[in-house]
Asks: 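Below you will find the structure I want to go over with you.
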Amino acid sequence: MSGEKIKAIYGTKDILPDEAVIWQRILSVVSRMASNYNYGFINPPIFEATELFTRGIGESSDVVSKEMYTFRDKGDRSLTLRPEGTASVVRSYIEHSLGARGGVFKVWYAGPMFRQERPQAGRYRQFYQFGIEAIGSSDPSLDAEIISLNRSIFSELGIDDLELSLNSIGMPGSREAHRQAFSDFINPMLGEFCGDCQRRFSTNPLRMFDCKEAGCQDRLAGAPVILDYISAEDREHFDRVLEFLELAGITYKIDKRMVRGLDYYTRTAWEIKSKRLGSQDSISGGGRYDLLVEQLGGQPTPGIGFAAGMERVILAMPDGAAGGSGRKTGVYIAIRHERFKTEAFKLSQALRGIGVPADLDYLGRSLKAQMKQADRSGLSHTMILAEDEMDRGAGIVRNLENSKQFEILLVDIYKMSGGHQFGEAIEKGEG
RNA sequence: GUGGGUGUAGCUCAGUUGGUUAGAGCGCUAGGUUGUGGCCCUUGAGGCCGUGGGUUCGAGUCCCAUCACCCACCCCA
(Lines give C-alpha, C1' and ligand atoms only; values in the text may rest on other atoms or scores of the structure.)
Protein backbone atom coordinates (compact mmCIF):
# COMPACT_ATOMS: atom_id res chain seq x y z
CA MET A 1 0.00 0.00 0.00
CA SER A 2 2.98 2.27 0.37
CA GLY A 3 5.97 2.75 -1.84
CA GLU A 4 9.54 3.32 -0.89
CA LYS A 5 10.18 5.57 2.05
CA ILE A 6 11.17 9.08 1.08
CA LYS A 7 14.12 10.24 3.11
CA ALA A 8 15.77 13.56 3.76
CA ILE A 9 18.34 14.52 1.13
CA TYR A 10 21.97 13.51 1.66
CA GLY A 11 23.65 16.05 3.87
CA THR A 12 20.41 17.47 5.28
CA LYS A 13 18.60 16.59 8.48
CA ASP A 14 15.47 17.28 10.44
CA ILE A 15 15.67 19.45 13.52
CA LEU A 16 13.37 17.44 15.79
CA PRO A 17 11.53 19.01 18.76
CA ASP A 18 14.12 17.97 21.35
CA GLU A 19 16.91 19.65 19.40
CA ALA A 20 14.67 22.57 18.52
CA VAL A 21 14.56 23.47 22.20
CA ILE A 22 18.33 23.95 22.13
CA TRP A 23 17.99 25.95 18.93
CA GLN A 24 15.55 28.32 20.50
CA ARG A 25 17.82 28.79 23.47
CA ILE A 26 20.77 29.65 21.23
CA LEU A 27 18.81 32.05 19.08
CA SER A 28 17.33 33.78 22.09
CA VAL A 29 20.83 34.30 23.49
CA VAL A 30 22.05 35.63 20.14
CA SER A 31 19.07 37.94 19.92
CA ARG A 32 19.52 39.22 23.47
CA MET A 33 23.27 39.74 23.17
CA ALA A 34 22.94 41.39 19.76
CA SER A 35 20.38 43.72 21.27
CA ASN A 36 22.79 44.53 24.10
CA TYR A 37 25.28 45.71 21.51
CA ASN A 38 22.50 47.48 19.63
CA TYR A 39 22.39 45.26 16.55
CA GLY A 40 19.08 44.93 14.70
CA PHE A 41 17.75 41.84 12.92
CA ILE A 42 17.82 41.34 9.16
CA ASN A 43 16.40 38.50 7.10
CA PRO A 44 17.54 38.37 3.47
CA PRO A 45 16.23 35.76 1.00
CA ILE A 46 17.99 32.41 0.91
CA PHE A 47 18.59 32.51 -2.83
CA GLU A 48 20.20 35.29 -4.80
CA ALA A 49 21.56 36.06 -8.23
CA THR A 50 24.57 33.78 -8.74
CA GLU A 51 26.70 36.79 -9.60
CA LEU A 52 26.38 38.15 -6.06
CA PHE A 53 28.47 35.25 -4.80
CA THR A 54 30.89 34.97 -7.69
CA ARG A 55 31.72 38.64 -7.31
CA GLY A 56 31.52 38.77 -3.55
CA ILE A 57 33.17 35.57 -2.39
CA GLY A 58 35.49 35.23 -5.38
CA GLU A 59 35.55 32.90 -8.40
CA SER A 60 38.70 31.19 -7.22
CA SER A 61 37.42 30.20 -3.78
CA ASP A 62 36.38 26.59 -3.26
CA VAL A 63 32.95 27.69 -2.16
CA VAL A 64 32.19 29.36 -5.46
CA SER A 65 34.14 27.12 -7.79
CA LYS A 66 32.72 23.79 -6.68
CA GLU A 67 30.27 23.95 -3.77
CA MET A 68 27.36 26.14 -4.82
CA TYR A 69 23.81 24.96 -5.45
CA THR A 70 23.20 26.90 -8.65
CA PHE A 71 20.16 26.49 -10.89
CA ARG A 72 18.19 28.32 -13.56
CA ASP A 73 14.63 29.48 -12.96
CA LYS A 74 11.89 29.65 -15.58
CA GLY A 75 13.09 33.07 -16.67
CA ASP A 76 16.50 31.54 -17.38
CA ARG A 77 18.13 33.52 -14.60
CA SER A 78 21.05 31.90 -12.82
CA LEU A 79 20.21 31.68 -9.13
CA THR A 80 22.14 30.23 -6.21
CA LEU A 81 21.14 29.01 -2.77
CA ARG A 82 23.25 31.17 -0.51
CA PRO A 83 26.47 29.51 0.69
CA GLU A 84 27.01 32.23 3.31
CA GLY A 85 25.28 35.32 4.64
CA THR A 86 27.58 38.31 4.36
CA ALA A 87 27.19 38.87 0.62
CA SER A 88 23.41 39.08 0.98
CA VAL A 89 23.61 41.54 3.86
CA VAL A 90 25.98 43.75 1.90
CA ARG A 91 23.75 43.52 -1.18
CA SER A 92 20.81 44.59 0.95
CA TYR A 93 22.84 47.42 2.47
CA ILE A 94 23.63 48.76 -0.99
CA GLU A 95 20.19 48.13 -2.49
CA HIS A 96 18.35 50.05 0.23
CA SER A 97 20.98 52.76 0.65
CA LEU A 98 21.24 51.84 4.30
CA GLY A 99 24.44 53.82 4.59
CA ALA A 100 22.37 56.98 4.03
CA ARG A 101 20.93 56.59 7.53
CA GLY A 102 24.25 57.71 8.89
CA GLY A 103 26.12 55.83 11.56
CA VAL A 104 27.17 52.23 11.40
CA PHE A 105 24.72 49.65 10.05
CA LYS A 106 24.65 46.88 12.65
CA VAL A 107 22.61 43.73 12.11
CA TRP A 108 22.42 40.04 12.88
CA TYR A 109 20.81 37.22 10.90
CA ALA A 110 20.18 33.50 11.20
CA GLY A 111 19.12 30.86 8.75
CA PRO A 112 20.09 28.02 6.42
CA MET A 113 23.14 28.07 4.15
CA PHE A 114 23.93 25.59 1.40
CA ARG A 115 27.17 24.06 0.22
CA GLN A 116 27.54 20.93 -1.83
CA GLU A 117 30.38 19.32 0.09
CA ARG A 118 30.83 15.80 1.38
CA PRO A 119 29.05 15.70 4.74
CA GLN A 120 30.95 14.74 7.86
CA ALA A 121 30.87 15.39 11.59
CA GLY A 122 29.71 18.98 12.09
CA ARG A 123 29.21 19.55 8.38
CA TYR A 124 26.01 19.45 6.39
CA ARG A 125 24.94 20.48 2.91
CA GLN A 126 22.12 22.49 4.38
CA PHE A 127 23.50 23.96 7.56
CA TYR A 128 22.51 26.85 9.78
CA GLN A 129 24.45 29.91 10.68
CA PHE A 130 23.83 32.97 12.70
CA GLY A 131 25.97 35.92 11.79
CA ILE A 132 26.60 39.49 12.80
CA GLU A 133 27.68 42.34 10.55
CA ALA A 134 28.67 45.98 11.09
CA ILE A 135 29.04 48.08 7.98
CA GLY A 136 30.31 51.64 7.75
CA SER A 137 33.40 52.01 9.93
CA SER A 138 36.98 50.84 9.97
CA ASP A 139 37.48 51.91 13.57
CA PRO A 140 39.50 49.28 15.49
CA SER A 141 37.15 49.52 18.45
CA LEU A 142 34.43 48.13 16.20
CA ASP A 143 36.63 45.10 15.52
CA ALA A 144 36.99 44.60 19.25
CA GLU A 145 33.28 45.12 19.83
CA ILE A 146 32.19 42.49 17.36
CA ILE A 147 34.80 39.98 18.52
CA SER A 148 33.62 40.62 22.05
CA LEU A 149 30.04 40.02 20.99
CA ASN A 150 31.10 36.80 19.28
CA ARG A 151 32.88 35.64 22.41
CA SER A 152 30.09 36.73 24.77
CA ILE A 153 27.43 34.75 22.94
CA PHE A 154 29.44 31.59 23.43
CA SER A 155 30.17 32.21 27.09
CA GLU A 156 26.51 33.00 27.66
CA LEU A 157 25.74 29.57 26.19
CA GLY A 158 28.12 27.98 28.68
CA ILE A 159 30.68 27.05 26.04
CA ASP A 160 34.23 27.11 27.33
CA ASP A 161 37.25 25.22 26.04
CA LEU A 162 37.36 27.75 23.26
CA GLU A 163 40.34 29.18 21.49
CA LEU A 164 40.18 32.57 19.80
CA SER A 165 42.75 32.88 17.03
CA LEU A 166 43.44 36.29 15.62
CA ASN A 167 45.44 37.61 12.72
CA SER A 168 45.66 40.49 10.31
CA ILE A 169 45.92 39.61 6.67
CA GLY A 170 46.28 43.22 5.56
CA MET A 171 45.00 44.69 2.34
CA PRO A 172 45.46 42.97 -1.05
CA GLY A 173 48.70 44.79 -1.82
CA SER A 174 50.51 43.46 1.22
CA ARG A 175 49.14 40.01 0.58
CA GLU A 176 50.73 40.07 -2.87
CA ALA A 177 54.10 41.06 -1.41
CA HIS A 178 53.85 38.25 1.10
CA ARG A 179 52.81 35.73 -1.50
CA GLN A 180 55.95 36.57 -3.46
CA ALA A 181 58.23 36.22 -0.46
CA PHE A 182 56.53 32.98 0.51
CA SER A 183 57.08 31.52 -2.95
CA ASP A 184 60.73 32.49 -2.90
CA PHE A 185 61.10 30.74 0.43
CA ILE A 186 59.36 27.52 -0.57
CA ASN A 187 60.50 27.10 -4.17
CA PRO A 188 64.01 25.77 -3.50
CA MET A 189 62.70 22.87 -1.41
CA LEU A 190 59.27 22.36 -2.94
CA GLY A 191 60.11 18.77 -3.81
CA GLU A 192 60.52 17.88 -0.13
CA PHE A 193 56.89 18.67 0.71
CA CYS A 194 54.07 16.15 0.65
CA GLY A 195 51.91 15.73 -2.42
CA ASP A 196 49.07 17.76 -0.96
CA CYS A 197 51.37 20.65 -0.17
CA GLN A 198 52.89 20.64 -3.62
CA ARG A 199 49.42 20.92 -5.04
CA ARG A 200 48.48 23.64 -2.52
CA PHE A 201 51.57 25.57 -3.51
CA SER A 202 50.07 26.28 -6.91
CA THR A 203 46.44 26.69 -5.83
CA ASN A 204 46.46 28.25 -2.35
CA PRO A 205 49.99 28.39 -0.91
CA LEU A 206 49.04 29.67 2.52
CA ARG A 207 47.00 26.53 3.08
CA MET A 208 50.31 24.71 3.42
CA PHE A 209 50.42 26.06 6.96
CA ASP A 210 47.45 23.85 7.80
CA CYS A 211 49.18 20.67 6.66
CA LYS A 212 49.13 17.87 9.23
CA GLU A 213 52.41 16.33 8.05
CA ALA A 214 55.16 16.92 10.62
CA GLY A 215 57.81 17.05 7.92
CA CYS A 216 56.02 19.85 6.10
CA GLN A 217 55.58 21.76 9.34
CA ASP A 218 59.31 21.52 10.06
CA ARG A 219 60.18 22.96 6.67
CA LEU A 220 57.71 25.80 7.16
CA ALA A 221 59.40 26.82 10.40
CA GLY A 222 61.02 30.00 9.16
CA ALA A 223 58.56 30.76 6.39
CA PRO A 224 57.43 34.36 5.92
CA VAL A 225 54.09 35.02 7.60
CA ILE A 226 51.60 37.55 6.40
CA LEU A 227 51.54 39.59 9.59
CA ASP A 228 55.14 40.63 8.88
CA TYR A 229 54.16 41.97 5.46
CA ILE A 230 51.19 44.13 6.21
CA SER A 231 51.48 47.91 5.72
CA ALA A 232 52.21 50.36 8.51
CA GLU A 233 48.56 51.46 8.53
CA ASP A 234 47.36 47.87 8.74
CA ARG A 235 49.80 47.20 11.54
CA GLU A 236 48.66 50.29 13.41
CA HIS A 237 45.05 49.19 12.99
CA PHE A 238 45.83 45.71 14.25
CA ASP A 239 47.71 47.01 17.30
CA ARG A 240 44.76 49.21 18.20
CA VAL A 241 42.40 46.23 17.88
CA LEU A 242 44.61 44.33 20.31
CA GLU A 243 44.52 47.24 22.75
CA PHE A 244 40.76 47.35 22.69
CA LEU A 245 40.51 43.62 23.12
CA GLU A 246 42.66 43.84 26.20
CA LEU A 247 40.48 46.65 27.51
CA ALA A 248 37.52 44.34 27.04
CA GLY A 249 39.34 41.60 28.93
CA ILE A 250 39.26 39.21 26.01
CA THR A 251 41.97 36.61 25.77
CA TYR A 252 43.17 35.77 22.29
CA LYS A 253 45.99 34.00 20.57
CA ILE A 254 47.70 35.62 17.62
CA ASP A 255 47.96 33.05 14.87
CA LYS A 256 50.29 34.54 12.30
CA ARG A 257 49.57 31.70 9.93
CA MET A 258 45.82 31.89 9.92
CA VAL A 259 44.19 32.57 6.57
CA ARG A 260 40.55 32.63 5.68
CA GLY A 261 38.76 30.91 2.85
CA LEU A 262 36.64 33.67 1.41
CA ASP A 263 38.38 36.18 -0.82
CA TYR A 264 36.71 39.30 0.54
CA TYR A 265 38.46 39.39 3.89
CA THR A 266 40.93 42.19 4.66
CA ARG A 267 42.90 43.15 7.76
CA THR A 268 41.47 41.63 10.97
CA ALA A 269 40.52 37.95 10.74
CA TRP A 270 39.57 35.61 13.55
CA GLU A 271 38.33 32.13 14.22
CA ILE A 272 36.98 30.42 17.32
CA LYS A 273 37.65 26.73 17.72
CA SER A 274 36.26 24.19 20.16
CA LYS A 275 38.21 21.25 21.50
CA ARG A 276 34.99 19.27 21.85
CA LEU A 277 34.56 18.93 18.11
CA GLY A 278 36.14 16.53 15.66
CA SER A 279 38.02 17.47 12.57
CA GLN A 280 35.70 20.38 11.77
CA ASP A 281 36.42 22.27 14.94
CA SER A 282 35.81 25.86 13.92
CA ILE A 283 32.53 27.10 15.38
CA SER A 284 32.75 30.65 14.17
CA GLY A 285 34.87 32.71 11.85
CA GLY A 286 34.93 36.25 10.66
CA GLY A 287 36.89 39.27 9.66
CA ARG A 288 36.94 42.68 8.03
CA TYR A 289 35.77 43.13 4.48
CA ASP A 290 36.74 46.69 3.72
CA LEU A 291 36.52 46.34 -0.06
CA LEU A 292 33.41 44.20 -0.41
CA VAL A 293 30.78 46.94 -0.53
CA GLU A 294 32.63 48.62 -3.37
CA GLN A 295 33.12 45.30 -5.17
CA LEU A 296 29.40 44.74 -5.11
CA GLY A 297 28.68 48.13 -6.61
CA GLY A 298 28.33 50.39 -3.57
CA GLN A 299 30.31 53.37 -2.37
CA PRO A 300 33.65 52.41 -0.78
CA THR A 301 32.58 51.37 2.72
CA PRO A 302 34.43 49.24 5.25
CA GLY A 303 32.66 46.42 7.06
CA ILE A 304 33.25 43.59 9.49
CA GLY A 305 31.37 40.50 10.60
CA PHE A 306 31.38 36.86 11.53
CA ALA A 307 29.27 33.75 11.13
CA ALA A 308 28.85 30.82 13.50
CA GLY A 309 27.64 27.32 12.60
CA MET A 310 24.60 26.28 14.66
CA GLU A 311 25.28 22.56 14.41
CA ARG A 312 28.83 23.05 15.62
CA VAL A 313 27.78 25.39 18.39
CA ILE A 314 25.42 22.68 19.64
CA LEU A 315 28.21 20.10 19.48
CA ALA A 316 30.43 22.45 21.48
CA MET A 317 27.83 23.06 24.17
CA PRO A 318 28.27 21.19 27.45
CA ASP A 319 25.94 18.19 27.75
CA GLY A 320 24.16 19.64 30.75
CA ALA A 321 23.29 22.78 28.87
CA ALA A 322 22.02 20.81 25.93
CA GLY A 323 19.28 18.85 27.69
CA GLY A 324 16.62 20.84 29.51
CA SER A 325 15.81 19.24 32.85
CA GLY A 326 13.10 21.27 34.57
CA ARG A 327 9.38 20.97 33.99
CA LYS A 328 7.37 23.65 32.30
CA THR A 329 4.62 25.21 34.40
CA GLY A 330 1.38 23.85 33.04
CA VAL A 331 -1.39 21.34 33.51
CA TYR A 332 -2.07 17.92 32.03
CA ILE A 333 -5.74 17.09 32.52
CA ALA A 334 -6.44 13.43 33.27
CA ILE A 335 -9.93 11.99 33.60
CA ARG A 336 -11.18 9.00 35.60
CA HIS A 337 -14.09 8.45 33.32
CA GLU A 338 -14.90 9.18 29.71
CA ARG A 339 -17.92 11.29 30.76
CA PHE A 340 -15.53 13.96 32.06
CA LYS A 341 -13.99 14.37 28.64
CA THR A 342 -16.12 17.37 27.73
CA GLU A 343 -15.23 19.11 30.96
CA ALA A 344 -11.56 18.34 30.40
CA PHE A 345 -11.69 19.91 26.98
CA LYS A 346 -13.41 23.04 28.28
CA LEU A 347 -10.91 23.31 31.13
CA SER A 348 -7.98 23.01 28.76
CA GLN A 349 -9.37 25.87 26.68
CA ALA A 350 -10.03 28.01 29.75
CA LEU A 351 -6.52 27.42 31.10
CA ARG A 352 -4.90 28.25 27.78
CA GLY A 353 -7.07 31.33 27.68
CA ILE A 354 -5.48 32.63 30.86
CA GLY A 355 -1.99 31.73 29.71
CA VAL A 356 -1.58 28.39 31.47
CA PRO A 357 -0.24 25.68 29.14
CA ALA A 358 -2.64 22.74 29.11
CA ASP A 359 -2.79 19.32 27.50
CA LEU A 360 -4.99 16.27 27.75
CA ASP A 361 -5.48 12.70 26.60
CA TYR A 362 -6.77 12.05 23.10
CA LEU A 363 -6.42 8.30 23.04
CA GLY A 364 -9.08 7.25 25.55
CA ARG A 365 -6.56 5.60 27.79
CA SER A 366 -6.73 4.48 31.43
CA LEU A 367 -6.08 6.94 34.24
CA LYS A 368 -2.77 5.25 34.94
CA ALA A 369 -1.75 5.67 31.33
CA GLN A 370 -2.85 9.28 31.38
CA MET A 371 -0.76 9.91 34.50
CA LYS A 372 2.21 8.36 32.77
CA GLN A 373 1.63 10.58 29.79
CA ALA A 374 1.32 13.59 32.07
CA ASP A 375 4.69 12.74 33.56
CA ARG A 376 6.28 12.50 30.13
CA SER A 377 4.62 15.65 28.89
CA GLY A 378 7.07 17.72 30.89
CA LEU A 379 4.30 19.78 32.44
CA SER A 380 4.46 20.64 36.14
CA HIS A 381 0.98 19.57 37.25
CA THR A 382 -1.79 17.09 36.56
CA MET A 383 -5.42 17.91 37.09
CA ILE A 384 -7.44 14.82 37.75
CA LEU A 385 -11.18 14.79 37.21
CA ALA A 386 -12.70 12.06 39.36
CA GLU A 387 -16.21 11.22 40.62
CA ASP A 388 -16.11 12.30 44.29
CA GLU A 389 -14.56 15.69 43.68
CA MET A 390 -16.53 16.40 40.53
CA ASP A 391 -19.71 15.93 42.57
CA ARG A 392 -18.55 18.98 44.49
CA GLY A 393 -17.56 20.81 41.31
CA ALA A 394 -13.88 20.33 42.06
CA GLY A 395 -10.84 18.74 40.48
CA ILE A 396 -7.63 17.40 42.01
CA VAL A 397 -4.44 19.24 41.22
CA ARG A 398 -1.32 17.16 41.64
CA ASN A 399 2.20 18.56 41.58
CA LEU A 400 4.25 16.14 39.52
CA GLU A 401 7.53 17.07 41.14
CA ASN A 402 6.68 16.72 44.83
CA SER A 403 3.43 14.71 44.53
CA LYS A 404 1.47 17.15 46.69
CA GLN A 405 -2.24 17.39 45.89
CA PHE A 406 -5.08 19.78 46.57
CA GLU A 407 -8.59 20.40 45.34
CA ILE A 408 -9.63 23.32 43.20
CA LEU A 409 -13.14 24.47 42.34
CA LEU A 410 -13.58 24.49 38.59
CA VAL A 411 -15.67 27.66 38.76
CA ASP A 412 -12.63 29.46 40.11
CA ILE A 413 -10.73 28.59 36.97
CA TYR A 414 -13.58 29.65 34.74
CA LYS A 415 -13.95 32.93 36.63
CA MET A 416 -10.30 33.71 35.92
CA SER A 417 -10.90 33.08 32.25
CA GLY A 418 -13.74 35.61 32.36
CA GLY A 419 -16.20 33.34 30.60
CA HIS A 420 -19.32 32.61 32.63
CA GLN A 421 -20.78 30.11 30.24
CA PHE A 422 -18.40 27.41 31.40
CA GLY A 423 -19.17 28.05 35.03
CA GLU A 424 -22.87 27.79 34.39
CA ALA A 425 -22.36 24.49 32.70
CA ILE A 426 -20.78 23.21 35.87
CA GLU A 427 -23.48 24.52 38.16
CA LYS A 428 -26.05 22.70 36.12
CA GLY A 429 -24.22 19.63 37.27
CA GLU A 430 -23.08 18.23 33.99
CA GLY A 431 -20.30 16.31 35.74
C1' G B 1 36.10 14.72 -6.20
C1' U B 2 39.50 10.82 -3.12
C1' G B 3 40.08 7.18 0.90
C1' G B 4 38.32 4.05 5.05
C1' G B 5 34.20 2.06 7.91
C1' U B 6 29.14 0.52 8.90
C1' G B 7 24.06 -1.28 7.37
C1' U B 8 19.81 -6.73 12.16
C1' A B 9 13.12 -3.97 16.30
C1' G B 10 11.42 3.17 17.24
C1' C B 11 16.86 3.84 19.58
C1' U B 12 21.80 1.51 21.05
C1' C B 13 23.65 -3.05 19.72
C1' A B 14 24.51 -8.97 20.26
C1' G B 15 24.18 -13.01 16.75
C1' U B 16 29.30 -18.96 17.39
C1' U B 17 33.08 -22.91 12.09
C1' G B 18 26.62 -21.23 7.25
C1' G B 19 21.71 -25.18 10.41
C1' U B 20 15.41 -25.17 11.76
C1' U B 21 10.49 -20.50 15.70
C1' A B 22 16.60 -13.98 14.85
C1' G B 23 17.95 -12.01 20.52
C1' A B 24 19.14 -8.26 24.66
C1' G B 25 18.85 -3.41 26.94
C1' C B 26 16.20 1.06 26.53
C1' G B 27 11.57 2.90 24.62
C1' C B 28 6.36 1.70 23.56
C1' U B 29 1.40 -1.26 25.17
C1' A B 30 -1.55 -3.48 29.02
C1' G B 31 -1.73 -5.12 33.90
C1' G B 32 0.04 -6.01 39.28
C1' U B 33 -2.57 -1.13 42.54
C1' U B 34 -11.38 -2.17 40.78
C1' G B 35 -9.07 6.61 42.14
C1' U B 36 -2.98 8.69 40.68
C1' G B 37 3.15 9.36 37.11
C1' G B 38 8.50 8.19 38.51
C1' C B 39 11.01 2.64 41.35
C1' C B 40 9.99 -2.70 41.01
C1' C B 41 7.54 -7.20 38.78
C1' U B 42 4.61 -9.43 34.82
C1' U B 43 2.59 -9.12 29.83
C1' G B 44 2.01 -7.75 24.74
C1' A B 45 3.15 -5.44 20.13
C1' G B 46 6.97 -4.40 16.92
C1' G B 47 12.09 -7.38 12.04
C1' C B 48 11.45 -8.57 3.40
C1' C B 49 18.61 -9.05 8.98
C1' G B 50 19.66 -1.93 3.42
C1' U B 51 18.49 -3.76 -1.83
C1' G B 52 19.42 -7.15 -6.08
C1' G B 53 21.88 -11.31 -7.77
C1' G B 54 25.13 -15.71 -6.86
C1' U B 55 27.25 -20.23 -4.15
C1' U B 56 24.66 -24.08 -1.14
C1' C B 57 20.21 -29.25 0.68
C1' G B 58 20.17 -24.69 3.67
C1' A B 59 22.51 -17.60 3.94
C1' G B 60 21.58 -12.43 9.04
C1' U B 61 26.34 -15.26 8.45
C1' C B 62 30.18 -16.70 2.37
C1' C B 63 30.94 -14.12 -2.86
C1' C B 64 29.62 -10.10 -6.41
C1' A B 65 27.05 -5.77 -7.45
C1' U B 66 24.29 -1.69 -5.90
C1' C B 67 22.25 1.91 -2.62
C1' A B 68 22.37 4.44 1.92
C1' C B 69 24.69 6.39 6.06
C1' C B 70 29.16 7.55 9.07
C1' C B 71 34.23 9.20 9.60
C1' A B 72 38.46 11.32 7.35
C1' C B 73 41.04 14.07 3.11
C1' C B 74 40.09 18.60 0.36
C1' C B 75 37.79 22.99 2.13
C1' C B 76 34.96 25.50 5.48
C1' A B 77 30.70 27.55 9.97
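Values reported hereafter were calculated over all heavy atoms of this structure, with side chains retained and with hydrogens, waters and symmetry mates removed. Numbered from 1 within each chain, the chains take letters A, B, ... in sequence-line order.
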Asks: How long is the line joining CD of E117(A) and P of C71(B), in whole Å?
Replies: 14 Å
Asks: Ignoring hydrogens and angles, answer whether the base of C75(B) and the side-chain atoms of E67(A) contain a donor-acceptor pair closer than 3.5 Å.
Replies: no
Asks: For D234(A) and M171(A), indicate whether the former's side chain and the latter's backbone hold a donor-acceptor pair under 3.5 Å.
Replies: yes
Asks: Can you find a side-chain donor-acceptor pair between S284(A) and N150(A) that sits under 3.5 Å?
Replies: yes
Asks: Please give, in whole Å, the distance from G35(B) P to R339(A) CZ?
Replies: 12 Å
Asks: Which value, rounded to the nearest 0.5 Å, describes the distance between K106(A) atom NZ and Y39(A) atom OH?
Replies: 4.5 Å
Asks: Determine the contact category for Q405(A): base if any of its heavy atoms lies under 4.0 Å from a base atom, sugar-phosphate if only primed atoms, P, OP1 or OP2 are that close, otherwise nothing.
Replies: base
Asks: Would you indicate which nucleotide in C70(B), G35(B), G38(B) comes nearest to any side-chain atom of E389(A)?
Replies: G35(B)
Asks: Using the P atoms only, state how far C62(B) lies from G15(B), rounded to an integer number of Å.
Replies: 12 Å
Asks: Which whole-number value in Å describes the distance from D391(A) CG to G35(B) C1'?
Replies: 13 Å
Asks: Taking only side-chain N and O atoms of Q120(A), does any of them lie within less than 4.0 angstrom of OP1 or OP2 on A72(B)?
Replies: yes
Asks: Just call it for I396(A): base, sugar-phosphate, or nothing, with non-hydrogen atoms closer than 4.0 Å on any strand.
Replies: base
Asks: Taking the same atom, C1', in G54(B) and in U61(B), what whole-Å distance lies between them?
Replies: 15 Å
Asks: Considering just the side-chain nitrogens and oxygens of S366(A), establish if one lies under 4.0 Å of OP1 or OP2 belonging to A30(B).
Replies: no
Asks: Work out how far the C1' atom of A9(B) is from that of C13(B), and round it to whole angstrom.
Replies: 11 Å
Asks: In whole Å, what separates the P atom of A24(B) from that of U42(B)?
Replies: 13 Å
Asks: Report which part of the nucleic acid K368(A) touches: base, sugar-phosphate, or nothing (heavy-atom distance under 4.0 Å, all strands).
Replies: base
Asks: In whole Å, I'd like the distance from the CD atom of Q198(A) to the P atom of C73(B).
Replies: 20 Å
Asks: Of M310(A) and K404(A), whose nearest nucleotide on RNA chain B comes first from the 5' end?
Replies: K404(A)
Asks: What about W108(A) and F130(A), are their ring centers closer than 6.0 Å?
Replies: no
Asks: If you compare every side-chain N and O of R336(A) against the phosphate oxygens of G35(B) (OP1, OP2), does one of them come in below 4.0 Å?
Replies: yes
Asks: Name the closest nucleotide to the S279(A) side chain, picking from C73(B), G37(B), A77(B).
Replies: C73(B)
Asks: Can you tell me how far CD of E401(A) sits from CZ of R327(A), rounded to the nearest 0.5 angstrom?
Replies: 6.0 Å
Asks: Taking atom types as modelled, find out whether Y128(A) and Q126(A) have a side-chain donor-acceptor pair closer than 3.5 angstrom.
Replies: yes
Asks: Can you check the distance between C40(B) and C48(B), where both ends of the measurement are the P atom (answer in whole Å)?
Replies: 30 Å
Asks: Taking atom C1' in both G4(B) and C39(B), what distance in whole Å separates the two?
Replies: 45 Å
Asks: Among the candidates C74(B), U2(B), C70(B), find the nucleotide nearest to the side-chain atoms of P119(A).
Replies: C70(B)
Asks: How would RNA chain B look in dot-bracket form, 5' to 3', counting Watson-Crick and G-U wobble pairs with both distances under 3.5 Å and writing | for bases paired to another strand?
Replies: (((((((..((((.....[...)))).(.(((.......))).).....(((((..]....))))))))))))....
Asks: Is there a residue in residues 123-137 of chain A whose heavy atoms reach under 4.0 Å of RNA chain B, and which residues are they?
Replies: R123(A), Y124(A), F127(A), Q129(A)
Asks: Is Q116(A) near enough to G1(B) that one of its side-chain N or O atoms lies under 4.0 angstrom from OP1 or OP2?
Replies: no
Asks: Less than 4.0 angstrom between a side-chain N/O of R365(A) and OP1 or OP2 of U29(B), yes or no?
Replies: yes
Asks: Under a 3.5 Å distance rule, please check whether R125(A) uses its side chain to pair with a backbone N or O of E117(A) as donor and acceptor.
Replies: yes
Asks: Tell me the interatomic distance from L157(A), atom CG, to A77(B), atom C1', rounded to whole angstroms.
Replies: 15 Å
Asks: Can you tell which of C74(B), A77(B), G37(B) lies closest to the side chain of D375(A)?
Replies: G37(B)
Asks: Begin from the C-alpha positions of D143(A) and R288(A) and carry the test salt bridge (Lys or Arg N to Asp or Glu O under 4.0 Å) through to its verdict.
Replies: CA-CA 8 Å; D143(A) 300 46; R288(A) 278 211 157 270; 2.7 Å; yes
Asks: Please measure how far the C1' atom in U2(B) lies from the corresponding atom in C11(B), and state the result in whole Å.
Replies: 33 Å
Asks: Using a 4.0 Å heavy-atom cut-off across all strands, classify A121(A) as base, sugar-phosphate, or nothing.
Replies: sugar-phosphate
Asks: Write down the distance between CZ (F201(A)) and C1' (C74(B)), rounded to a whole number of angstrom.
Replies: 19 Å
Asks: Going by heavy atoms in the side chains, are Y332(A) and D375(A) under 4.5 Å from each other?
Replies: no
Asks: Identify whether any heavy atom of I384(A) sits under 4.0 Å from a base atom; if not, whether one sits that close to sugar-phosphate; answer base, sugar-phosphate or nothing.
Replies: base
Asks: T80(A) and E48(A): side-chain donor and acceptor closer than 3.5 Å?
Replies: no
Asks: How are the rings of F105(A) and Y93(A) set to each other: parallel, tilted or perpendicular (split at 30° and 60°)?
Replies: tilted
Asks: Please report the distance, rounded to the nearest Å, between CD in Q370(A) and P in U29(B).
Replies: 12 Å
Asks: Take atom C1' in U66(B) and the same atom in G23(B), then report the distance between them in whole Å.
Replies: 29 Å
Asks: Considering heavy-atom distances to RNA chain B, does R376(A) or G286(A) have its closest nucleotide positioned more toward the 5' end?
Replies: R376(A)
Asks: Do the two ring centres, one from Y252(A) and one from W270(A), sit under 6.0 Å apart?
Replies: no
Asks: Rounded to whole angstroms, how far apart are OH on Y332(A) and P on G37(B)?
Replies: 14 Å
